[in-house]
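Read through the structure below, which is laid out as structure tokens, and then see the notes.
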There are 2 protein chains.
Amino acid sequence: MPSSELARRLGPVSERTVRYRIERLIAEDIIHVGAIINPKALGLVVTADLWIEVVPGHLRRVAESLAALPQVSYVAYSTGERDLSIQVYARDTGDLHHFVSEVVGNIPGVARTSTMLVPEKVKDVHQWDIPELLPTASRTSESVRAQGGRT
Amino acid sequence: MPSSELARRLGPVSERTVRYRIERLIAEDIIHVGAIINPKALGLVVTADLWIEVVPGHLRRVAESLAALPQVSYVAYSTGERDLSIQVYARDTGDLHHFVSEVVGNIPGVARTSTMLVPEKVKDVHQWDIPELLPTASRTSESVRAQGGRT
DNA sequence: CGTGAAATGAACTCTTT
DNA sequence: AAAGAGTTCATTTCACG
């Protein structure tokens, strides 16, 4: 939507102001604007979640190795039984199995993995919207940056 | 980036063509363009993954109930030990605990939940890029649509 | 707010089926 | 001949400073 249209809807505010606001939201890492690619459209019709156990001291390095892989769309640390949680895309289950056993399994520091297929997503991050009740004006951009940019 | 700039970089192609292509990618659900909100910027500094067991026959209904909740950013079916995998945002761990035990726990059909904190994300969907090696021109928009729009 | 740039809609071509 | 992709061009609208 053009900024001018947004300005019209927001009421008594200039189009220039709207553009400044959007710039600020992006600069302060409050929103991220971009395109998300549908892996199914590329023939990557299989999605799976992996739990990964890592030998102590290798966690960060393993996480970054995984994040660097093109099949991997999501990597996060996790508390609890497992150390890392990742999501991967594959052409088919054979492709997935090869990836888990040959690629992930051979990253130094990976102790154990377990795989769960994700047959269908019902809701995804890009659909998440701000809860109404939230006290929105609470935090400054300073505190946001201090907490780290990652969502 | 303006479409005209894209057209320049793509080589011998008109700026109008570039915009038609982008329109098509969106219409055919190959890419999704939008903004992702950083929950930390809203004071939702705690992220957690939940595994949910559902009593047989209630799966779809429970999944949709969860997806409707504003605290929930991600809902997916899962094979294996658990039926559903979701991600939630909370103000703090107290808020999270209340949400899990009072809100999720009271959805009819939810049999069991287990919660894992997500201390930090290393890579996320919006950072995922198309693997180079992929045979990109393979599938038509028909087959994409037939596979369903969900990513 | 004025100006240059970008988006839009419509007509036309080319190719493929 | 019909559908799809790309081009050109006139007009409206927007983004930028």
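Below, chain A is the first sequence line, B the second, and so on; all start at residue 1.
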* Integer-rounded Å distance: D:dG4 P and B:Glu28 CD -> 10 Å
* Asked: Are A:Leu42 and A:Val118 connected in a single hydrophobic cluster, I mean Ile/Leu/Val/Met/Phe/Trp/Tyr linked by side-chain heavy atoms less than 4.5 Å apart?
  -> no
* Whole angstrom is fine here: how far is it from CE in B:Met1 over to P in C:dA7? => 12 Å
* Across the strands shown, which category fits A:Ser4 at heavy-atom distances under 4.0 angstrom: base, sugar-phosphate, nothing? -> sugar-phosphate
* Send over the distance from A:Arg16 CZ to D:dC14 C1', rounded to a whole Å. => 12 Å
* To do: Please tell me which of the listed nucleotides, D:dA15, D:dC14, D:dG6, lies nearest to the side chain of A:Arg8?
  => D:dC14
* Asked: At under 4.0 Å between heavy atoms, what does A:Arg19 touch on the DNA or RNA strands: base, sugar-phosphate, or nothing?
  -> base
* Asked: Quick one: which of C:dA7, D:dA15, D:dT8 gets closest to the side chain of B:Ser14?
  -> D:dT8
* Asked: Counting N and O atoms only, with roles assigned by atom type, does the side chain of B:Thr79 sit under 3.5 Å from a partner on the main chain of A:Leu117, one being a donor and the other an acceptor?
  -> yes
* Side chains of A:Tyr20 and A:Glu15: donor-acceptor distance under 3.5 Å anywhere? -> no
* Return the value, rounded to whole Å, for the distance between atom CD1 of A:Ile22 and atom C1' of D:dC16. => 14 Å
* Asked: Is there a donor-acceptor pair closer than 3.5 Å between any side-chain N or O of B:Ser101 and the backbone N or O of B:His97?
  -> yes
* Check every strand shown and say whether B:Arg21 touches a base, only sugar-phosphate, or nothing at a heavy-atom separation below 4.0 Å. => sugar-phosphate
* To do: In whole angstrom, give the distance that lies between atom CD of B:Glu23 and atom C1' of D:dA5.
  => 13 Å
* Asked: Checking side-chain contact (heavy atoms from CB on, under 4.5 Å) for the pair A:Glu53/A:Val62: CA distance, chi angles, key distance, verdict?
  -> CA-CA 10 Å; A:Glu53 256 177 59; A:Val62 170; over 6 Å; no
* To do: Write down the distance between CD (A:Glu15) and C1' (C:dT3), rounded to a whole number of angstrom.
  => 13 Å
* How large an angle, rounded to 10°, do the end axes of the helix from C:dC1-D:dG17 to C:dT17-D:dA1 enclose when each is built from five base pairs? -> 30°
* Assess the side chains of B:Gln87 and B:Lys121: does a donor N or O sit below 3.5 Å from an acceptor N or O? => yes
* Would you check if the distance from the ring center of B:Tyr74 to the ring center of A:Trp128 is below 6.0 Å? => no
* To do: Counting heavy atoms from C-beta on, name the nucleotide in D:dG6, D:dT8, C:dA7 closest to the side chain of B:Thr17.
  => D:dG6
* Asked: Tell me: CZ of A:Arg9 to P of D:dC14, nearest whole Å?
  -> 12 Å
* **Protein-nucleotide distance (A:Tyr20, atom OH; D:dG17, atom C1'), rounded to Å** => 8 Å
